[in-house]
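Reading through the structure tokens given below for one structure.
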Amino acid sequence: MYHSEDVIRQLQSQNVLAMKLDRAVRAVGEEVKQHVSNIGAGAQHLLYYTSCLTDEYYDVCTKQHLEDSRFERESSISLPAGILSAR
């Protein structure tokens, strides 16, 4: 009887640990998805700024700069100094 109670307690504690691990792995997966999405958005943003290198697409560069300026004013996120002025 004593050993079966120990086995039951052990299995219950392992079940709790397995559920916590499952939740942690899912949370990490969601964070990874978010980071990949942010990296993709940053890469797209950088691609848009390559238009600044050509005269034909200077209007795209100007629109992008205006949009970034608007975002910086409206956002509570403070960008590092020189990010927008370097363009």
Side-chain angles (χ1 to χ4, degrees):
M1 182 88 167
Y2 173 73
H3 293 294
S4 65
E5 289 175 5
D6 275 348
V7 170
I8 291 170
R9 267 190 254 121
Q10 181 71 20
L11 290 174
Q12 287 172 339
S13 67
Q14 287 177 355
N15 187 34
V16 168
L17 289 173
M19 288 189 300
K20 288 183 178 191
L21 178 63
D22 185 53
R23 257 186 289 164
V25 169
R26 285 184 191 177
V28 168
E30 290 300 316
E31 285 297 316
V32 168
K33 284 183 197 175
Q34 185 62 43
H35 283 293
V36 168
S37 175
N38 288 344
I39 290 170
Q44 183 179 21
H45 198 79
L46 180 63
L47 182 63
Y48 289 156
Y49 266 105
T50 60
S51 66
C52 297
L53 301 175
T54 63
D55 290 334
E56 295 103 22
Y57 295 104
Y58 189 74
D59 58 327
V60 174
C61 178
T62 304
K63 287 178 186 177
Q64 189 69 35
H65 183 63
L66 290 173
E67 183 66 20
D68 284 350
S69 297
R70 183 193 63 79
F71 176 76
E72 187 180 44
R73 282 191 305 272
E74 293 177 4
S75 176
S76 62
I77 300 170
S78 60
L79 297 174
I83 288 285
L84 293 177
S85 61
R87 296 178 192 126

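These values consider heavy atoms only, across backbone and side chains, with no hydrogens, waters or symmetry-generated copies.
- When all heavy atoms of D59 and E56 are compared, the closest pair comes out as OD1-O, 3.8 Å.
- Atom CD of Q12 and atom CD of Q10 lie 10.5 Å apart (nearest 0.5 Å).
- Note: K63 NZ to Y58 OH = 13.5 Å, rounded to the nearest 0.5 Å.
- Scanning all heavy atoms of the two residues, the minimum distance from S51 to C61 falls at OG-N, 3.5 Å.
- Nearest heavy atoms, D68 versus Y49: OD2-OH, 2.6 Å.
- To the nearest 0.5 angstrom, H65 atom NE2 is 13.5 Å from R70 atom CZ.
- More than 12 heavy atoms of other residues, nucleotides or ligands lie within 6.0 Å of CG in N38, so this atom counts as buried by the packing criterion.
- Without hydrogens or angle criteria, S37 side chain to K33 main chain gives no donor-acceptor distance under 3.5 Å.
- Between the CG atom of L21 and the CD atom of Q14 there is a distance of 12.5 Å, given to the nearest 0.5 Å.
- Distance CG/D6 to CG/L11: 11.0 Å, rounded to 0.5 Å.
- Atoms CG and NZ, on N15 and K20 in that order, are 11.5 Å from each other to the nearest 0.5 Å.
- Hydrophobic clustering keeps I8 apart from V16 (ILVMFWY residues linked when any side-chain heavy atoms are closer than 4.5 Å, directly or through intermediates).
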